[in-house]
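The block underneath contains the structure these notes are about, expressed in structure tokens.
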Amino acid sequence: MSITLDQVTKRYQGSPVVNDVSLEVGEGEFYVLLGPSGSGKSTLLRAIAGLTGVDHGRIALHGNDVTHVSARQRGVGLVFQNYALFRHMTVGENIEFALKVRRMKAAERRERRKELLRLVALEGMDDRLPTQLSGGQQQRVAVARALAHKPPVLLLDEPFGALDAKIREELRRTIRQVQRELKITTVLVTHDQEEAFAMADRIGVMNLGRLLESGRPDELYARPATRFVATFLGAANLLLARQTEQGIRFGAAPVNARRVEKLEGGREQEVVAVLRPEEVELAPTRDNLRTNFIANGIVEEQVFTGAFERMRVRMADGAANAHIASPNTNGGNGSAALLDVTRTQHEQRLFPLALGQSVAIGVRRIHVLPTPLSSYTAYGSDEASCERLSQHPFLVELASRMKTRIIKRSEAPLVACDAPASAPVSGVAVIAAGQKTAEQLQWLLQNGAGEVLVLPAHSSPPQRVLIHWADDSARRSTLAVAASLLRHVAAEAVYVGILPEGSGGESQRPFGVRTLLDARSEAQAVHGLEMRTELRFGAAADELQRQLTESQDPMLILGVSDPAQLRGTFGALFTSGSTYPMMIVYRPSKDSEGAVE
Ligand code: ADP
Ligand code: MG
């Protein structure tokens, strides 16, 4: 029986704990929900079971809407971490309990019990009490009990949590066998990546209440779309690279990359690349490398782990611009050039290495993430204001969640907005909100910025993010930025479509609704973002202003294709120094390209 979730949202104290999750689990599929503690996995599972209601969205089992159906009537089988067997009942009585409640005849019950005990490999244990069983055996009974009434769906919440490694592996195997034999649609929740890999047909990775990505384990590992999934599924070095006409470059060196999207508007840009530790090659000198040289380095840490050697190599040169967030570091300054490397026994024999030794570093291949948000640069007219802005709590949190850097750049022209910038803007430019926001924005866009984050001095982390674009040529980029940003904040996303009022505006409603649907499906299909949509009529700036005022802790993501729109159409948003964060996305439309001086 299939499970369908459509934009399921559950809030506690106004904050989304499960945030717009849409998902389809196929008939007979073994689906694993993977994520760190607190990411909303159990809440989502409880929503599927009907143990908790939802604030938004729909849940269907086998195509039947069960959103408002009681847990009992949904009848799914549940297994939790704490075995939750009836202590005073024998194994047999535990298993038969649900059947008795359903008034099944004694002889039939006995048959079913026998069959279930065979399935979970506990034949002959019928008369034991739970206290006479090991933890692993108790959990097998819990599985048998959950399956007794032939539920359409089996839900397992960290069922191996309390067991030691060897028992856990045995039980994993048993559960997988039972699941295959019964072909029962199953969702298992875990925070353990290895467990997810071992069991899943497909894995869905959750963080901050959102389902970030869903796919086959090997696909997610090789081609993650997000920083979070890349680093949560195994070790990964995250690097800032440059995408140029000639391909991806790391410092000055070209590297092999897979799945690279075309250059946007043909302009060079900073991108985020994933380098798995096993894709790094080390050699005595540059000439000995079989792959593209990226830098020289020095071995700084070395750990033997049996099959592999793990090490960290400090990059010495050649990679001046390549900030690295390697696993196990939080991007502190000292770690900005430390690369995680693993080597097989074979590689170790070919080139034995010791601490402190110099090496040439090569890269077999990297994977470029589609995110448009690479790094942050805090702009101010003097060093003190840059420093203050770089400490802004929301900015610090974003950068830390994205495992990226914040550069400070003081630019005198920010005040007068006339002279050109001392260096082209790359990554996301950040400015403090103030009286001159509109002028500063325009200046940054003219100097190459594609995204500008405007931060008021005192603003809470957003709870509701409104998304709007001035015209269609800014749509794709705005959605990409919104998707990337929303993976790193626990906020609900709403796209606001606005049609002019009067002069037949209302008659355009069907057109407007279609636009919303298109936007939603594009966000979902192309950028992995689930968002809600609202249609408004009126002047764009006024409508946005109204929505922002009505929202608790809002943020605005606004896409434009012409800097003049910021002072024209949207001027009203900038006149009084905003009180909420704004992300401005700018992509020149094809025909106005080059129109900005
Ligand atoms: P996970 O299973 O991924 O660890 P949960 O779904 O248990 O995460 O919890 C997600 C978040 O929701 C946590 O921050 C948790 O504190 C919060 N939460 C869960 N249940 C409740 C509740 N009944 N009341 C308030 N907050 C809750
Ligand atoms: Mg949990």
Side-chain angles (χ1 to χ4, degrees), residues 3 5-23 25 30-57 59 67 70-71 74 76-84 135 139 142-143 146 153-163 168 171-172 175 186-200 202-214 217 220 226-229 231-233 397 400-401 460-464 486-493 528 530 552-553:
I3 305 170
L5 306 180
D6 183 30
Q7 296 200 313
V8 170
T9 298
K10 174 73 184 176
R11 301 186 193 101
Y12 286 118
Q13 284 93 45
S15 307
V17 159
V18 171
N19 194 352
D20 254 355
V21 172
S22 296
L23 169 67
V25 179
F30 198 109
Y31 191 88
V32 174
L33 275 176
L34 172 68
S37 166
S39 55
K41 308 179 297 292
S42 296
T43 307
L44 185 57
L45 206 71
R46 292 170 59 81
I48 298 172
L51 296 173
T52 181
V54 300
D55 293 300
H56 182 90
I59 299 172
T67 317
S70 73
R74 290 189 209 182
V76 305
L78 283 165
V79 179
F80 297 104
Q81 174 174 342
N82 46 349
Y83 324 118
Q139 216 39 343
V143 171
V153 160
L154 179 63
L155 305 177
L156 306 147
D157 194 349
E158 313 248 9
F160 315 113
L163 306 171
R168 195 183 307 172
L171 190 57
R172 266 185 208 164
I175 289 186
T186 302
V187 180
L188 177 133
V189 157
T190 180
H191 63 273
D192 183 336
Q193 162 250 324
E194 200 190 302
E195 190 161 294
F197 278 170
M199 302 194 77
R202 272 192 312 150
I203 297 176
V205 182
M206 284 188 79
N207 191 36
L208 299 171
R210 283 193 179 269
L211 182 66
L212 295 187
E213 292 183 57
S214 194
L220 287 183
T226 64
R227 278 168 267 240
F228 187 83
V229 172
T231 51
F232 201 71
L233 294 183
E397 176 161 291
S400 132
R401 287 191 174 152
S460 327
Q463 294 221 25
R464 190 173 150 92
L486 280 156
R487 286 179 199 120
H488 304 95
V489 294
E492 295 178 48
E530 268 299 329
Q552 172 93 19
D553 299 321

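Every number for a ligand or one of its atoms is a count from 1 in the order of the listing. Quick note: numbers below take in every heavy atom, side chains included, and nothing from hydrogens, waters or symmetry partners.
- Taking the side chain as every heavy atom from C-beta outward, Arg487 and Asn207 never approach each other to under 4.5 Å.
- With waters neither drawn nor counted, the protein N/O/S atoms under 2.8 Å from the Mg ion (ligand 2) amount to 1.
- Between Arg227 and Arg401, the closest side-chain pair of non-hydrogen atoms is not below 4.5 Å.
- Shown here are the side-chain contact (heavy atoms from CB on, under 4.5 Å) partners of Ile175, two or more places apart in sequence or in another chain: Phe30, Val143, Leu156, Phe160, Leu171, Met199.
- Side chains of Ser39 and Leu208 form no contact here, defined as non-hydrogen atoms less than 4.5 Å apart.
- In this structure, Ala493 and Glu530 approach most closely via the heavy-atom pair CB-O, 4.3 Å.
- Annotation: side chain of Glu195 is in contact with side chain of Arg168 (closest heavy-atom distance under 4.5 Å).
- Val489 meets the side-chain contact (heavy atoms from CB on, under 4.5 Å) test with Phe394, Leu398, Leu486, Ala491; sequence neighbours excluded.
- Taking a heavy-atom cut-off of under 4.0 Å, ligand 1 is surrounded by Tyr12, Val17, Pro36, Ser37, Gly38, Ser39, Gly40, Lys41, Ser42, Thr43.
- Taking CG of Leu212 as the start and CZ of Phe232 as the end, the distance is 10.5 Å to the nearest 0.5 Å.
- For the 3.5 Å distance criterion, the side chains of Thr9 and Glu492 fail to qualify, holding no donor opposite an acceptor.
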